[in-house]
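First comes the structure, then the notes that go with it.
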Amino acid sequence: MKRYNPLEIEEKWQQKWEKNKPYKVEIRPSVPKMFLAEMFPYPSGAGLHVGHVRNFTIVDVLTRFYEQQRLNVMRPFGYDTFGLPAENYAIKTGTAPQEVTKINIANFRKQAKRLGYAIDWDREINTSDPEYYKWTQWCFLQLFRKGLAYQKESYQWWCPVDQTVLANEQVENGHCWRCGHEVEKKKMKQWFFKITEYADELLEDIDALDWPEKIKTMQRNWIGRSVGAEIDFKVKDSAHSITVFTTRPDTIKGATFLVVAPEYSKLDYIVSDNAKEAVMKYRADALKKSEIERQENKEKTGVFTGAYAINPATKEEIPIWVADYVLAGYGTGAIMAVPYNDERDREFAEKFNLPIVETEIVDRDLYGTPKTTYRMRDWLISRQRYWGCPIPIAYDKDGNPHAIPEEQLPVMLPEIEDYKPDKTGRSALAKAKDWLKVSIPVKDSKTGEIHMEEMTRETDTLDGYACSSWYLWRYASPHDTEHAWNPEAISYWEPVDYYCGGDHAVAHLLYVRFWCKFFADEGYLPFREPIKKLLYNGYINAPDGKKMSKSKGNVIDPLDVINDGYGADTLRVYEMFIGPYDMDAAWDTRSVGGVYRFLNRCYNLCFDDDMFVLNDGDSDKNAIVRNKTIKKVTEDIHKCNFNTAVAALMEYVNELYKEGVTSDDLTALAKLLKPFAPHLASEMLEKLDSDDEWPKWDDKYLATDTVELVVQVNGKLRARITIDKQKLNDEATVIEIVKTNDKVAEYIKDGIKKTIFVKKANLVNIVV
RNA sequence: GGCCGAGUGGCGGAAUUGGUAUACGCGUUCGACUUAAAAUCGAAUGGGGAAACUCGUACGGGUUCAAGUCCCGUCUCGGCUACCA
């Protein structure tokens, strides 16, 4: 007898798929489309890990499920390749990031193919490919032309190890998200995307998204809209005034002092001569303080500026303080302190003996102008690194930025020898002297004539998140040389129907929404939300329940599991069976064996003719179980309950071992199994000489003649009685049957207070 | 500190949204096959009890004919966020 040999079967089918490209898709206007994607991976040197497998397999199950229902299903694949690891590796070894990336992509591709994913491999994209980043640069220029990509001098998070600026989203607890080193503040001129322009729409459209509530809440909090007012406070004996932002303009009469942030721009003009020294020292200290220190030490600190402001409501003189509990980047960088109502102000007032007066509430609009502010800041996008998409900008001799004309795109990353950033905070690109020079056509402002002008290229590269902000649209027409995305392809395929990932709850998932709205406004996209349904999968932890990490030595390598003889199908089914897809789960090596046994049982059912003789009479019992299973698996996949779908298939197989199997059973089993274990299922379907079209269930098999009636007395289960289903229609008959049951009679001999009959649960409860 | 999840056998987890708690898998035990083992097949498996029964979904209350599910309070764990005026 033949034995289940997954490695042999899987190789056979993978070769077929490689050759026949069954998952290659094109626009078919008359067929409904389905577009699914995972968050494309960063192809690291370590190859796929079990988390990727979970993520990709979820998408694959859905892909095959809809494909078997004959929708026009697109499932592309891509690589997010710019970023620090490849560059750091280059600095260490001298190997060009281009080379390392090429090797890593080849490895990822090979491994993804080894898992049997239904990918249209002709739609593969790579963000560091000039054919791709040409269009990333094009996107940047659209934003630049509309003033949504702009430069600003400001204090920025700076990682002294990676020697680069970081976005707010990339600072975790005061540490660099990449290397973990503590970050500092540094004043620099940087590029930003004006995401705040879309703050309101980004916030309001969250409600209608079919996304997990958790992610929606995180995005709402991140945007952090506050509705309030700005109020001017005149500085006493000065031409200056201080504008504060408050959400409680109605409490202005309780404002007994003002507080400004250490970085507050007008501080120099306000501070009195005899306070100057103390204030300047306080500011210098605050700037030096790392984020960590500011967080750990919540004890209020501050100094008096020696200046006073006039409270416009009470006309009283109130002192102006400087303190680091007021943040420069939020609101106006200055607040009116109302210690009677605000906990933080009260703490400050108590510490420095400032007056606390009971607040008399006034009309909100009396002294200020209504103003809405956001926690969200503009998106810092320039990076002082080599391995990124070059920003398509050049500077004239006065330092003014000019767009590189579209016909000069892509601005290619030059090949260089030394990838190290210099200490000035400029990227290694600054060393590519020839590359820096560029000639740009400029229109003379007076004569209107166009002449070529020598300029110097921007040496910053774009944040990798910019590259991933539009890739979902590139999938629709990945090789288009005329457009970033082809309008016809976009209107057929997009937006993405299912997008699956386990990371980037705010950053990436907010940026794609921002770009979508912008490009919709520019007329390039016919929709304003890029992702219909978001699946946010959980992590897979090590068997010890901890996060897998090389240093802990608890990493499970999915390719090891396959090559140990279990095969890709077992790995796939195991990761779907491990628990609800959106919950974290711990790896359990022994349970992998259980899944293998299940697939082995499927195999034997189909191929071991000695054990299972086909019975083509197709008994009623088989038909009932089969139809029940089809319904359960279909509904479970729709609800993304992959674990219970697998359990239902296991139950079905157990039943077939008991009751015997028909060819209809085998065909149904193979079809239902295919999304999870496509190789084995294909092998079975080949033997059965069947296509893979998704089976339908017939309700007539689900309606049985008899039903088990559950009888409770005072809510406790006392009997189960099998009765004709017909009788369920008449409550009186049912109650009569129940009462005459021997077992029940025992409990109700002292009389019945009332009876409850629940038809949909086949249940009777008797209260005595 | 704030917001959001979660807590069910020895373990991972099911449970039609108020209606038979513990599906499925792992582990364990027993049996069949085998000289033997592995593999495979079959059976049992929440605690107590000989049994009838009884106790059981983190803990304490409540609503209900009926609560893992709803309400109030407490504890524990996880995630996000962290002086956002």
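A, B, ... follow the sequence lines: proteins, then strands. Residue 1 opens every chain.
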Spacing between A:Leu717 atom CG and B:A52 atom P, to the nearest angstrom
13 Å
Is A:Arg3 close enough to B:U40 that one of its side-chain N or O atoms is under 4.0 Å from OP1 or OP2 there?
no
Taking syn as any angle within 90 degrees of 0 and anti as the rest, which one fits B:G9?
syn
Contact under 4.0 Å: A:Lys639 side-chain N or O vs B:U17 OP1/OP2:
no
Indicate, with a heavy-atom threshold strictly under 4.0 Å, whether A:Gly224 touches base, sugar-phosphate, or nothing.
nothing
Between B:A39 atom P and A:Asp608 atom CG, what is the distance in whole Å?
18 Å
Cationic N near anionic O, under 4.0 Å, A:Glu343 to A:Arg346:
no
Considering every strand shown, what is the Watson-Crick or G-U wobble mate of B:G12 when both distances are under 3.5 Å?
B:C24
Exam field: side chain A:Asn627 to backbone A:Asp699, donor-acceptor pair closer than 3.5 Å:
no
Looking at A:Ser226, does any N or O in its side chain come under 4.0 Å of the phosphate oxygens OP1/OP2 on B:A85?
yes
Would you mind pulling out the nucleotide paired to B:A39, Watson-Crick or G-U wobble, both distances under 3.5 Å?
none
Should B:G49 form a Watson-Crick or G-U wobble pair with both distances under 3.5 Å, which nucleotide is its partner?
none
Would you please confirm or rule out a distance under 4.0 Å between OP1 or OP2 of B:C24 and any side-chain N or O of A:Lys632?
no
It should be established whether A:Arg718 places a side-chain nitrogen or oxygen under 4.0 Å from OP1 or OP2 of nucleotide B:C53.
no
Short side-chain N/O contact from A:Tyr657 to OP1 or OP2 of B:G42, under 4.0 Å:
no
Ignoring backbone atoms, establish whether A:Arg601 has a side-chain N or O less than 4.0 Å from OP1 or OP2 of B:C41.
yes
Does the structure place the NZ or CZ of A:Lys300 under 6.0 Å from the centre of the six-membered ring of A:Phe348, at an angle of no more than 45° from the ring's axis?
no
Taking a pair as Watson-Crick or G-U wobble with both distances under 3.5 Å, which nucleotide is matched to B:U64?
none
Which nucleotide, if any, forms a Watson-Crick or G-U wobble pair with B:C59, using both distances under 3.5 Å?
B:G73
Give a yes or no on whether a donor-acceptor pair under 3.5 Å exists between the nucleobase atoms of B:C83, that is its base, and the side chain of A:Lys300.
yes
Which of the following nucleotides, B:A85, B:G13, B:C65, is nearest to the side chain of A:Leu327?
B:A85
Can you see which heavy atom on A:Thr359 is nearest to which on A:Asn341, and at what distance?
OG1-OD1, 2.6 Å
Pairing partner of B:A82 (Watson-Crick or G-U wobble, both distances under 3.5 Å)
none
Determine: side-chain N/O of A:Asn604 to OP1/OP2 of B:U40, distance under 4.0 Å, yes or no.
no
Over all strands shown, is A:Tyr747 touching base, sugar-phosphate only, or nothing at heavy-atom distances under 4.0 angstrom?
sugar-phosphate
Could you state the CZ-P distance from A:Phe598 to B:C41, rounded to the nearest angstrom?
13 Å
Cation-pi check, A:Lys371 to A:Phe245: give yes when NZ or CZ is under 6.0 Å from the six-membered ring centre and within 45° of the ring axis, no otherwise.
no
Can you tell me if A:Asn221 touches the phosphate of B:A82, counting only side-chain N or O atoms and a distance under 4.0 Å to OP1 or OP2?
no
